[in-house]
Amino acid sequence: MNAFFDTLKTRNEPLYYFGLACLIGAVICLILTRITDVNVLGTDAWFKPFKFFLSTTIFLWSMTWYLGYLPPSRAIAWYAWGMDRYFRL
């Protein structure tokens, strides 16, 4: 498993770290679903942010993996920077 994460990190470091931050956010939201009783319309309030963080992690790490097959270029660097900025809004 460590080899997989090392490969992701070497393929595109900014997307890897932002995906890791989103994964940590998903874990925090999952913990909050268990320790809080806050509900919105009958659904746990932390479930939607959990799904958002998890899906963003999957998307970012998938793009990190796929971009590794392309030769390094400025376009890929701009894409990684743009994805990082887009999801931080």
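Nothing fancy with the numbering, it's 1 onward along the sequence.
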Checklist line | Connected-component partners of L41 among ILVMFWY, side-chain separation under 4.5 Å | finding: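 So far as hydrophobic clustering goes, L41 is joined with V40.
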What side-chain donor-acceptor pairs closer than 3.5 Å can you find for residues 7-17, not counting sequence neighbours?
{"from": "T7", "atom 1": "OG1", "to": "A3", "atom 2": "O", "distance (Å)": "2.8"}
{"from": "K9", "atom 1": "NZ", "to": "Y17", "atom 2": "OH", "distance (Å)": "2.9"}
{"from": "T10", "atom 1": "OG1", "to": "D6", "atom 2": "O", "distance (Å)": "3.3"}
{"from": "T10", "atom 1": "OG1", "to": "T7", "atom 2": "O", "distance (Å)": "2.9"}
{"from": "R11", "atom 1": "NH1", "to": "W65", "atom 2": "O", "distance (Å)": "2.5"}

Checklist line | Closest contact, heavy atoms only, G19 versus T57 | finding: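 Scanning both residues, the minimum pair turns out to be O-OG1, 3.3 Å.
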Margin query: If the condition is ring-ring contact (aromatic ring centres under 6.0 Å, His included), which residues does F5 pass it with, not counting sequence neighbours?
Written below: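 If we apply the ring-ring contact (aromatic ring centres under 6.0 Å, His included) test to F5, skipping adjacent residues, the hits are W61.
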Notebook entry, point to check: To the nearest 0.5 Å, how far apart are CD1 in I58 and SG in C22?
Noted result: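 One finds 11.0 Å between CD1 of I58 and SG of C22.
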Item checked: Counterpart residues, side chain to side chain contact (heavy atoms under 4.5 Å, CB included), relative to T43 (two or more places apart) ->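 Scan of T43 (side chain to side chain contact (heavy atoms under 4.5 Å, CB included), adjacent residues dropped) gives none.
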Next item on the list: Check the pair D44 / N39 against side-chain contact (heavy atoms from CB on, under 4.5 Å), numbers first and verdict last.
Entry: CA-CA 4 Å; D44 197 312; N39 287 326; 4.3 Å; yes
Check: F4 and Y69: same hydrophobic cluster, using ILVMFWY side-chain contacts below 4.5 Å?
Finding: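 The answer is yes; both residues are in one hydrophobic cluster.
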Cut-off 3.5 Å, no hydrogens considered: what does the side-chain donor-acceptor table look like for residues 24-37, sequence neighbours left out?
{"from": "T33", "atom 1": "OG1", "to": "L30", "atom 2": "O", "distance (Å)": "2.5"}
{"from": "T36", "atom 1": "OG1", "to": "L32", "atom 2": "O", "distance (Å)": "2.6"}

Notebook entry, point to check: Can you tell if the side chain of K48 reaches within under 4.5 Å of the side chain of F52, non-hydrogen atoms only?
Noted result: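 A side-chain contact is absent here, since even the closest heavy-atom pair is not under 4.5 Å.
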Note to self: Let me check something: do F18 and I76 share a hydrophobic cluster, defined by ILVMFWY side-chain heavy atoms less than 4.5 Å apart, either directly or through other members?
What the structure shows: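 Shared cluster, yes.
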